[in-house]
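Structure first, commentary second.
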Amino acid sequence: MITGTALIRMYCNCSTLENAHSLFTTLSEKDAMSWAILISAYVQHDNGHEAVALFEHMQQEGMMPNNYIYNKLINACAAVPNLDEGQRAHSRIVGTEFERCIFVNNALVDMYAKCGSLDLAHKIFMSMMKKDLVSWNAIITAFTQYGLADEVFKQYEKLKADGFKPDEYTFSCMLSICTSLGDINMGRYIHGEVRNAGLGCRLPVVNALLDMYSKCGCLEEAHKLFNSMGARNDVSWTTMIAGCVRERRDAQVLKHFSCIPRRDVFSWTALIQGYVQYGHHDEALDFFLKMQGEGVRPN
RNA sequence: GACUUGCGA
């Protein structure tokens, strides 16, 4: 038997959101999960506004939200980002059984940080009786977003003192803060921690290492690491291209660009940026057109 | 069976 939720899921994956949405409106019984899947799809497509609107529509139809749906709503507010909407979402949860839900609170920490209120994010984090690794990662990410390196390192130590093991999310964040500080020594220290944790092969971590080395003036080390990678993704390639552009290594820029298996808008933009930086506006324009010729839409 | 945190221009 094919259920409504399975159909919605399939349409979200294989068709357009519009088709999924119109199929959704024809479902005779819409359960919480089908609402959650559709709201989630809008968030993934960077349409937080529509996701919030769907939530309102859901309430009008008398559907009671559960913690999954609240998380999706909070997520949508973070994606917009819209602090008012986020606070409204938060106040809807206060007084419900979900107020103490760790997943919901983790989402709130993230949402407040992304909506510009580090203060509220921190308040939520502090108020949590029980924290998991995601809670710690969310607050570390928040401090990273605001460039508060001292706090980032402080929370990193506290997380470990609390008995948690930093994971690949933690390490990507730690590396980001080293990158923005330009602190190669701290970066190397974190790299050591990554190795000790056995996470030296996780793509987001290696990519963050590539970025850290190349932006801290160690492009050669970034290259060595890049060459040793067993698997690479779009981020790995673009990180290297951007690094070579910054160091004006024209030949390497082009070599890397020609090797990318699949070029996305970020890799194209890194290349075009290189030409703009060198003052070669005609080539920049050529590549801009070529990009569209290959079906990549400018953003 | 659906939910929260991380990497590139």
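The sequence lines fix the lettering, A, B, ..., with proteins before strands; numbering per chain opens at 1.
In terms of polar N and O atoms assigned as donor or acceptor, the side chain of A/T238 comes within less than 3.5 Å of the base of B/G8 in a complementary pairing. A donor-acceptor contact under 3.5 Å is not formed by the side chain of A/N233 with the base of B/G8. With hydrogens and angles ignored, no donor-acceptor pair under 3.5 angstrom links the side chain of A/D264 to the base of B/A9.
For A/K131 and B/U4, the shortest distance from a side-chain N or O to OP1 or OP2 is not below 4.0 Å. Listed pair A/K114 / B/U4 fails the phosphate criterion, with no side-chain N or O lying under 4.0 Å from OP1 or OP2.
Checked against B/U5, B/A2, B/G8, the side chain of A/K215 finds its nearest nucleotide in B/G8. Nearest to the side chain of A/D110, among B/A9, B/C7, B/U5, sits B/U5. Candidate nucleotides B/A9, B/G6, B/U5 were compared by shortest atom distance to the side chain of A/A242, and B/A9 ranks first. For A/A36, whose side chain is taken as the heavy atoms from C-beta onward, the closest listed nucleotide among B/C7, B/U4, B/A2 is B/A2. Looking at the side chain of A/V235, the nearest of the listed nucleotides B/U4, B/U5, B/C7 is B/C7. The nucleotide whose nearest atom lies closest to any side-chain atom of A/N299 is, among B/G8, B/G1, B/A9, B/A9. Counting only heavy atoms from C-beta on, A/P204 has its side chain closest to B/G6 among B/G6, B/A9, B/U5.
Across residues 71-95 of chain A, A/N71, A/K72, A/N75 each have a non-hydrogen atom less than 4.0 Å from an atom of RNA chain B (numbered order). Looking at residues 144-153 of chain A, you'll see that no heavy atom sits under 4.0 Å from any atom of RNA chain B. Listed in residue order, the members of residues 184-203 of chain A having a heavy atom less than 4.0 Å from RNA chain B come to none.
In this structure, A/F98 places its CZ atom 16 Å from P of B/C3, rounding to the nearest Å. As rounded to whole Å, 13 Å separates atom P of B/U4 from atom CG of A/N66.
In this structure, A/Y68 forms an aromatic stack with the base of B/A2, since both conditions hold: centre separation below 5.5 Å and plane angle below 30°.
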